[in-house]
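Naming: A, B, ... by sequence-line order, numbering from 1 per chain.
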Amino acid sequence: MDYKPIKKVISGNYAAAYAAKHARVEVVAAYPITPQTSIIEKISEFIANGEVENLQYVPVESEHSAMAACIGASATGARAFTATSAQGLALMHEMLHWASGARLPIVMVDVNRAMAPPWSVWDDQTDSLAQRDTGWMQFYAENNQEVYDGVLMAFKVAETVNLPAMIVESAFILSHTYDVVEMIPQELVDEFLPPRKPLYTLTDFDNPIAVGALGTPADYYEFRYKIEKAMEEAREVIHKVGREFGEKFGRDYSQMIELYRTEDAEFVFMGLGSLMGTVKQAVDVLRSEGYKVGAAKVRWFRPFPKEELYELAKHVEGIAVLDRNFSFGQEGILFNEAKGALYNTDAKPIMKNYIVGLGGRDFTVSDVRKIAENMKKIIESRKLDREIEWYHLKR
Amino acid sequence: MDTPFGERKSDAQRIAFKSVDEYPEAPISLGTTLINFTGDWRTFIPVVDDEKCVKCYICWKFCPEPAIFIREDGYIGIDYDYCKGCGICANECPTKAITMVKEEK
């Protein structure tokens with residue numbers, strides 16, 4: 001941990017761009033979309049200023065093509081990066097399956113933005129969570145520092161298990177808000193993240209291969225199993241890489257769920273991304289008022305940290321799951337996952353789903369207090385008033 | 001036998017994986033079709049009757065693989081390592097010299 005970080009006051013998007021630069025990405029193919037655009041603008045600027053060597057920027061006509069170009073680049077063995085948001089991510093959907101199916105460790109930053117209609121550019125997690133089943137790993141950043149750290153770790157994890165990874169940050173709350181980010185000197189990043197060793201490469205002409213092979217019913221099944229094995233392995237790799245990051249740079253990411261003041265907590269708030277920053281602040285306030293509460297920030301949504309969730313769930317009476325997203329016809333997506341992960345265990349905390357902040361609706365410390373009051377009542381009476389609460393709804 | 005283009009075919013064997021551990025980690029085809037023959041996909045197999053063949057080579061032009069070649073004696077031959085049994089040759093043949101028969105495997 002003996003190093004001098006480079007401190008800069010930058011936006012979440014610039015943190016992503018600097019991380020891509022420090023990761024020495026070789027190919028960036030991207031298409032502009034608010035609120036992601038300033039990531040790729042910054043990367044273009046690095047190239048225009050001659051600040052990066054050996055980086056090809058591929059301007060494309062759509063996000064679908066952006067991901068397709070990254071897939072091609074990654075299949076040659078290059079380190080590929082892109083960024084997008086909302087409708088752009090949805091347009092990429094087909095290609096996301098191709099990236100994971102072909103086992104290519106592409107890293108993408110998705111700036112969470114609400115899906116239209118109605119048109120919105122504000123924060124909402126449904127865009128990324130709707131890509132849950134594509135075989136991409138997903139890391140949710142709480143702040144700009146985690147965007148920077150997340151991109152660097154994502155490359156290392158992705159290239160170890162040969163699966164793509166998505167680093168998710170919030171529209172405007174992180175993407176365009178300036179904050180201090182401690183960046184790591186290039187030589188130390190190089191030490192942490194050595195050049196990629198690809199599983200295969202299209203440019204080995206003595207040993208030709210074809211990518212995108214046909215898998216008949218006799219073979220397809222086994223390749224799907226291998227993706228799941230890689231996801232399982234990723235859990236171990238995430239712990240290891242997160243610990244190494246902490247030892248080297250002072251910020252530990254060994255836990256897939258970050259626990260904040262959960263020891264002796266009666267109930268905890270659980271959620272993803274930037275809203276958990278607000279929740280942590282609220283936990284401090286609530287603790288000072290005598291509430292025994294904590295926060296559980298789910299850093300990695302895929303692979304899902306079910307063992308860590310179980311360990312937490314065993315020791316609390318209730319979990320308030322805060323979802324800035326919704327799966328229509330069911331419930332909040334994190335709530336659905338968490339409830340499901342605990343079903344076959346002996347941990348049975350009371351769980352309630354609060355739908356908050358959709359489309360950038362402000363979610364503040366006083367909102368967390370109101371939810372705490374509601375949860376306290378539920379736990380004291382052992383009676384769930386309702387399972388899903390549309391918290392902000394104007395009634 | 002070499003391919004109609006003169007490339008040397010390897011002594012190919014159908015790759016069949018017995019356990020999940022034998023599979024490559026990613027779904028890639030190892031080697032080219034000089035190793036991986038595609039002929040075993042077919043159900044029906046074209047059979048040529050040289051007596052009816054008038055050497056028009058329409059089948060040779062239409063074969064999408066291309067798995068039909070012209071023999072030294074001017075008649076046509078079929079490379080069964082690559083023929084997928086689509087039947088286009090039999091359909092196009094003006095003298096009905098090619099018939100599709102169910103292949104015994």
Tell me, yes or no, whether the heavy-atom count around E53(A) atom CD, taken from other residues, nucleotides or ligands under 6.0 Å, exceeds 12.
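12 or below, so no.
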Within 6.0 angstrom of Q56(A) CD, more than 12 heavy atoms from elsewhere
no
Is there any side-chain hydrogen bond (donor to acceptor under 3.5 Å, both in side chains) pair reaching into residues 84-101 of chain B, and which pairs are they, with sequence neighbours excluded?
E65(B)-K84(B)
Taking non-hydrogen atoms and a cut-off under 4.5 angstrom, which of residues 222-231 of chain A neighbour chain B?
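Listed by number: E222(A), F223(A), Y225(A), K226(A).
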Those residues of residues 198-205 of chain A, ordered by number, that approach chain B below 4.5 Å (heavy atom to heavy atom):
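Within residues 198-205 of chain A, the residues under 4.5 Å from chain B are L199(A), Y200(A).
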State, to 0.1 Å, how close G101(A) and P27(B) come at their nearest heavy-atom pair, and which atoms those are.
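Taking every non-hydrogen atom into account, O-CD, 3.1 Å.
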side-chain hydrogen bond (donor to acceptor under 3.5 Å, both in side chains) partners for E61(A), two or more places apart:
S65(A)
What's the spacing between Y23(B) OH and D219(A) CG if we round to 0.5 Å?
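If I round to the nearest 0.5 Å, the distance is 3.5 Å.
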